[in-house]
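All values derive from a computational prediction rather than experimental measurement. Convention: sequence-line order gives letters A, B, ...; per-chain numbering from 1.
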Amino acid sequence: MNSNMTDTGPIVDVRKLTVDFSTGGGKTVRAVAGVDLSLKKGETLALLGESGSGKSVTLRALMRLHPDSARFGGSVNVDGRDILAMPYGDLARYRGKVVSMIFQDPGLAFDPVYRVGDQIAEAVVRHEGISMQEAKKRALGLFERVRIPSPERRLDNYPHEMSGGMRQRAMIALALACRPKVLLADEPTTALDATVQIQVLLLLRELQRELGLAVIFVTHDIGVAVEVADRIAVMYGGRIVETGKCADIIRNPSHPYTQGLLASRTGHEAVKGSRLVTIPGAPPDLSNMPPGCPFGPRCKYVMDRCKTQTPPLYDVGADHFAACFLIEQQAASQSQLQSA
Amino acid sequence: MTMIIDRLGPVPEVGDDRGGPGTPLLAVKDLIKHFGKKAGFLTKAGAVVRAVDGVTFDVGKGETLGIVGESGCGKSTVARLIMQIIAPDSGDLLFDGEAVGSEQLDLTSYRKQVQMIFQDSYASLNPRLTVEDTVAFGPRVHGASAKQSITLAHDLLHRVGLEPARFAGRYPHEISGGQRQRVNIARGLALNPRLLILDEAVSALDKSVEAQVLNLLLDLKEEFGLTYIFISHDLNVVRFMSDRVMVMYLGRVAEVGPADAVFSNPSHPYTSALLASMPSMDPDNRTQEAPITGDPPNPINPPPGCRFHTRCKFVADVCKTKEPALTDVGGLHYTACHMADPTSGHPNALNAARAA
Ligand SMILES: Nc1ncnc2c1ncn2[C@@H]1O[C@H](COP(=O)(O)OP(=O)(O)OP(=O)(O)O)[C@@H](O)[C@H]1O
Ligand SMILES: Nc1ncnc2c1ncn2[C@@H]1O[C@H](COP(=O)(O)OP(=O)(O)OP(=O)(O)O)[C@@H](O)[C@H]1O
Ligand code: SF4
Ligand SMILES: [Mg+2]
Ligand SMILES: [Mg+2]
C-alpha cells in the first residue's frame with residue numbers, strides 16, 4: 001500500500017505511542033507514555049520540553065531507530081504506512097527516503113573515517129541506484145543549497161575537519177539527499193551562531209515551503225520555535241502536556257510546566273547577578289511514575305485530584321489544548337458565572 | 001553546600017593563588033594554530049586552515065570571560081589550545097603568571113587546575129563507563145580512594161540534577177542529550193579546577209535545567225572563586241553569565257569588552273549583525289531576511305585587510321588593504337574596526353571620533 005491519501009490528510013499520524021526501555025537492574029523506563037501527534041504535509045511542529053521528557057525518543061520512534069530492548073505500543077503511521085509493523089527489509093528504504101533525521105549530535109550522523117561528500121553520495125547511490133558521478137553532483141548541489149562555503153573543497157573534508165556549525169549544515173544536506181517527505185530535526189541549530197542559525201532556519205522554512213516537507217523540530221530555544229514552527233507541542237514526563245499554535249503557546253501558556261519553562265528564559269529580563277527562575281524539584285522517575293499528573297510533585301497549583309488522576313488534554317481555545325485540571329476548573333467556574 | 005575540596009583532602013599546593021590577585025589567571029599571547037591539509041579531490045596539499053590566527057586576551061581571577069562568534073571562527077580551537085589538547089604553532093600561555101609547560105608549572109599540575117566541558121557530549125564520554133564511574137574517574141586517577149571518589153561523584157551528580165539512585169549506573173547511551181551534558185559538567189567539576197572552560201556546555205539543556213545549571217555555576221564560582229571561560233552561541237546566556245565578552249571572527253578577535261558595553265553598544269559591525277540575528281520571539285513578526293548573508297570567507301585564504309570586509313556594509317577602501325588593530329573605544333572596550341580609529345582614513349571614522 002502506498003500513499004493514497006488526499007493532500008489534506010496527515011502525513012504523520014501518531015496515536016497513543018508508548019516506548020519502554022529495560023535498563024540495568026531490571027527496571028523499565030517508560031520514556032514515552034501515550035503521545036498523539038498529527039502533522040500535515042508542509043506543516044512544521046516544534047517539540048519543546050524538559051530534558052529527558054522523551055522528545056528524541058519520540059522522533060526516533062518515527063524512524064524506528066531504537067535498540068531491540070525497546071518495546072513500542074500504539075501506532076505510528078507515516079505516509080500511509082504503519083512504521084511499527086514495517087518489515088525490516090522495508091525499513092532501510094523508508095529511512096532517508098520517506099523520513100529522514102538530523103541528529104542532536106552531528107558526530108552521530110557521519111562516519112569519522114570517510115569524507116563527508118562521499119558519505120552523502122554513497123547514501124544517494126544506495127537509495128536511488130544512480131551512478132556515483134551523478135550522486136556526487138547531487139552532493140555538491142546540496143552543499144550549495146545549505147550554503148556551505150567553498151562547497152567543492154568541503155565535500156573532501158572529514159567530519160572532524162569541519163567546525164560544529166558546518167557539520168550541522170552538512171548533516172542537513174545528508175538528510176535531504178534522498179528527497180524525503182518528512183524531516184525530523186533534533187536541535188539542529190543549537191551548535192550554530194546566531195547569524196548562521198537564522199540563515200539555516202530561513203533555509204528550512206524555504207525548503208519546507210518548496211518541497212512541501214513536514215517537519216518536526218525539537219528545540220530548547222523558544223525563539224527558534226517561533227521562527228520555524230506553525231504549532232508547538234510541549235512534552236513533560238513522556239507526555240504532551242500542551243499543544244497549540246505558536247502564538248497561543250507563547251502568549252497564553254496554559255499548563256503550569258509551560259509557564260515555568262517560559263519564565264526560566266535568560267531573556268533581556270534576566271538581571272545579571274540575580275538568580276534565574278527555575279522550576280523547583282526534579283523531573284519524574286520514568287521507571288517509577290507516580291500516579292496522577294506527572295508534573296504534580298513540582299506544581300504550585302497542585303490539587304488533591306492531581307495526585308490520583310491523570311489529566312487529559314482539555315480544550316483551551318482554537319486548536320489549543322493543555323493537560324491540566326485547572327483548565328477544567330476554570331471552565332466550570334466560568335460557566336457558573338455565566339449561568340448566575 | 002558541601003565543600004567539594006574537602007572531599008579530596010588538602011588543596012594541592014599548585015592550586016594556590018601564586019601570582020597574587022592582580023595577575024590574570026590566564027594570559028594568552030599571540031596564539032596561532034594553523035591546521036595542515038592533505039591533498040583532496042579538488043585541492044592542493046599544503047593549504048592551511050588558519051583556525052586561530054593571532055589571538056591575545058587575559059582572564060582575571062574570578063572573572064567570567066564569554067566568547068562568541070561565527071561557527072568555525074576558532075573558539076573551540078582556542079579552548080583546546082588552552083587545554084593543551086593540541087599544540088599551538090606559536091604563542092604563549094601564562095597561568096597565574098607562570099608559563100605553561102615551564103619548570104615552575106609543568107603540564108601535570110597545570111592540567112589538574114584547568115578543566116573543560118566539551119561541546120559534543122556524546123563523543124566526549126566513554127561508552128563503557130557508567131555515569132558514576134565517568135565522574136569518579138578523574139579523582140580516582142589523582143589518588144582519591146574508590147569510596148571517596150564515588151561519594152564525590154554522587155554529590156556532584158545530585159548537584160547537577162541527576163539523582164544518583166536513578167542515573168549512577170546508566171551508560172551514556174541510556175540517557176538523554178541534556179542528561180549526558182550534565183554528566184560532563186559533573187566530571188569537569190570533580191577535579192576541583194581553578195579554571196573551567198565551558199564550550200557550549202549548556203546548549204543541549206532545556207531552559208529550566210539550563211537555569212539550574214547556570215545558577216549552580218554561579219554558586220560554585222562564588223564559593224570557590226572559580227574562573228570561567230564561557231563559550232556559547234546563546235547570546236542571552238553569555239550576556240547573563242559573563243563579566244567580559246570577546247567576539248571572534250575568522251580566527252581573530254573582533255571586539256572585546258565589558259559584557260553590557262558589548263551587548264548594548266557594539267562597536268564592531270560583525271557584533272551588531274550577530275545581535276540583530278537573534279530570533280524575533282514574535283510569531284506575527286518572524287524574521288524575513290538574515291542580517292548578514294553571503295558566505296563566511298574561507299579560513300584557508302582569509303581576505304586581506306579587515307577579515308570582515310567582504311560582508312560588512314560599512315566597508316571602505318582602507319578596510320580592503322589594512323588590517324584594523326584592536327582600538328580602545330573607552331571603558332576597557334576594544335574593537336578591531338577602522339571606524340573606531342580616527343586616524344585610519346575610514347570616512348566614518350571622523351563621525352565616530354566626533355560622536356565620542
Ligand atoms: N536506550 C535507552 N535506555 C534507557 N533509557 C533511555 C534510553 N534512551 C532514552 N532513555 C531515557 O528516556 C528518557 C527520554 O529520553 P530522550 O532522549 O527522548 O529525552 P529528550 O526529551 O530528547 O531530552 P534532551 O532534551 O535532554 O535531549 C530519558 O529519561 C532517558 O534517560
Ligand atoms: N583537526 C582539524 N583539522 C583541520 N581543520 C580543523 C581541525 N579542527 C578545526 N578545524 C578548522 O578550524 C576552524 C575553527 O574551528 P573551531 O572548531 O575552533 O570553530 P568554532 O569557533 O568552535 O566553531 P563552532 O561554533 O561551530 O563550534 C574551522 O574552519 C575548522 O574547520
Ligand atoms: S574595518 Fe571596515 S570592513 Fe572591517 S568591520 Fe570595520 S568598517 Fe567593516
Ligand atoms: Mg533529545
Ligand atoms: Mg566549537
**Student:** Would you mind telling me which of Pro284(A), Ala225(A), Ser53(A) has the largest number of heavy-atom pairs within less than 4.5 Å of chain B?
**Tutor:**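 Sorted descending by pairs with chain B, the first entry is Pro284(A).
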**Student:** Report yes if the side chains of Ile198(A) and Pro291(B) come closer than 4.5 Å at any heavy-atom pair, otherwise no.
**Tutor:**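 Yes - at least one pair of side-chain heavy atoms lies under 4.5 Å apart.
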**Student:** By a 4.5 Å heavy-atom criterion (distance strictly below it), what part of Val29(A) contacts chain B: side chain, backbone, both, or neither?
**Tutor:**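 Just its side chain gets close to chain B.
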**Student:** Could you tell me whether the side chain of Asp219(B) reaches within less than 4.5 Å of the side chain of Arg275(A), counting heavy atoms only?
**Tutor:**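 Touching, per the 4.5 Å side-chain cut-off.
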**Student:** Could you look at Lys245(A) and say if it's the side chain, the backbone, both or neither that has a heavy atom under 4.5 Å from chain B?
**Tutor:**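 For Lys245(A), there is no contact with chain B at all, as no heavy atom is under 4.5 Å.
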**Student:** Between atom CG of Leu205(B) and atom OG of Ser264(A), what is the distance when rounded to the nearest 0.5 Å?
**Tutor:**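 The distance works out to 12.0 Å.
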**Student:** With only heavy atoms counted, which part of Ala165(B) is less than 4.5 Å from chain A, the side chain, the backbone, both or neither?
**Tutor:**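 Just its backbone gets close to chain A.
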**Student:** Rounded to the nearest 0.5 Å, how far does CG of Asp206(B) lie from CG of Asp221(A)?
**Tutor:**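 Output value for this atom pair is 12.0 Å.
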**Student:** Could you look at Asp284(B) and say if it's the side chain, the backbone, both or neither that has a heavy atom under 4.5 Å from chain A?
**Tutor:**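 Both backbone and side chain.
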**Student:** Verify the neighbour count for atom NE2 of His158(B): are there more than 12 heavy atoms of other residues, nucleotides or ligands below 6.0 Å?
**Tutor:**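 Atom NE2 in His158(B) is not packed in, count stays at 12 or less.
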**Student:** With only heavy atoms counted, which part of Glu289(B) is less than 4.5 Å from chain A, the side chain, the backbone, both or neither?
**Tutor:**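 Contact with chain A is through the backbone of Glu289(B) alone.
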**Student:** For chain A, which of Asp282(B), Thr77(B), Val68(B) has the most heavy-atom pairs under 4.5 Å?
**Tutor:**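 Heavy-atom pair counts peak at Asp282(B).
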**Student:** Between Thr287(B) and Glu227(A), is any side-chain donor less than 3.5 angstrom from a side-chain acceptor?
**Tutor:**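 Present: a donor and an acceptor within the cut-off.
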**Student:** I'd like to know which of Gly169(B), Ser280(B), Ala276(B) tops the heavy-atom pair count under 4.5 Å against chain A.
**Tutor:**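 Most heavy-atom pairs within the cutoff with chain A belong to Ser280(B).
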**Student:** Working to the nearest 0.5 angstrom, can you tell me the gap between Asp193(A) CG and Asp234(B) CG?
**Tutor:**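 Atom-to-atom, Asp193(A):CG and Asp234(B):CG are 12.0 Å apart.
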**Student:** Quick one: do His233(B) and Thr189(A) satisfy side chain to side chain contact (heavy atoms under 4.5 Å, CB included)? Show the steps, please.
**Tutor:** CA-CA 10 Å; His233(B) 287 306; Thr189(A) 62; over 6 Å; no
**Student:** To the nearest 0.5 Å, what is the distance between OG1 on Thr190(A) and CD on Glu200(B)?
**Tutor:**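 Reported to 0.5 Å precision, the distance equals 8.5 Å.
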**Student:** With a 4.5 angstrom heavy-atom cut-off, is it the side chain or the backbone of Ala229(A) that approaches chain B, or both, or neither?
**Tutor:**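 Contact with chain B involves the backbone of Ala229(A) alone.
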**Student:** With a 4.5 angstrom heavy-atom cut-off, which part of Ser242(B) approaches chain A: side chain, backbone, both or neither?
**Tutor:**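 The answer is the backbone of Ser242(B).
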**Student:** Non-hydrogen atoms of chain A under 4.5 Å away: do they reach the side chain of Leu218(B), the backbone, both or neither?
**Tutor:**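 Looking at Leu218(B), just its side chain touches chain A.
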**Student:** Specify which of Gly54(A), Gly223(A), Ser51(A) makes the most heavy-atom pairs with chain B at under 4.5 Å.
**Tutor:**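 Top count of heavy-atom pairs under 4.5 Å with chain B: Ser51(A).
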**Student:** Would you indicate whether the side-chain heavy atoms of Arg153(A) and Ile300(B) approach each other to under 4.5 Å?
**Tutor:**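 In contact.
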**Student:** Less than 4.5 Å to any heavy atom of chain B: does that hold for the side chain of Leu202(A), its backbone, both, or neither?
**Tutor:**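 Only the side chain of Leu202(A) comes within 4.5 Å of chain B.
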**Student:** Can you see which heavy atom on Tyr257(A) is nearest to which on Ser208(B), and at what distance?
**Tutor:**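 Looking at all heavy atoms of both residues, the closest pair is OH-OG, 4.4 Å.
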**Student:** Tell me whether the count of non-hydrogen atoms from other residues, nucleotides or ligands lying under 6.0 Å of CZ in Arg251(A) goes above 12.
**Tutor:**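 Counting other residues, nucleotides and ligands, CZ of Arg251(A) exceeds 12 neighbours.
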**Student:** Should Glu70(B) and Val196(A) be marked as a side chain to side chain contact (heavy atoms under 4.5 Å, CB included) after you check the CA-CA gap, both sets of side-chain angles, and the distance that decides it?
**Tutor:** CA-CA 8 Å; Glu70(B) 186 102 25; Val196(A) 182; 3.8 Å; yes
**Student:** Do you know which of Thr278(A), Leu155(A), Thr195(A) has the most heavy-atom pairs under 4.5 Å to chain B?
**Tutor:**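 Top option by heavy-atom pairs under 4.5 Å: Thr195(A).
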**Student:** Which value, rounded to the nearest 0.5 Å, describes the distance between Leu192(A) atom CG and Ser277(B) atom OG?
**Tutor:**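 Leu192(A) atom CG to Ser277(B) atom OG measures 12.0 Å (nearest 0.5 Å).
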**Student:** If I take atom CG from residue Leu276(A) and atom CE from residue Met241(B), how far apart are they, to the nearest 0.5 angstrom?
**Tutor:**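 Rounded to the nearest 0.5 Å, the CG-CE separation comes out at 8.5 Å.
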**Student:** I'd like to verify something: which residue of Lys27(A), Gln197(A), Arg205(A) has the highest number of heavy-atom pairs under 4.5 Å with chain B?
**Tutor:**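 Top count of heavy-atom pairs under 4.5 Å with chain B: Arg205(A).
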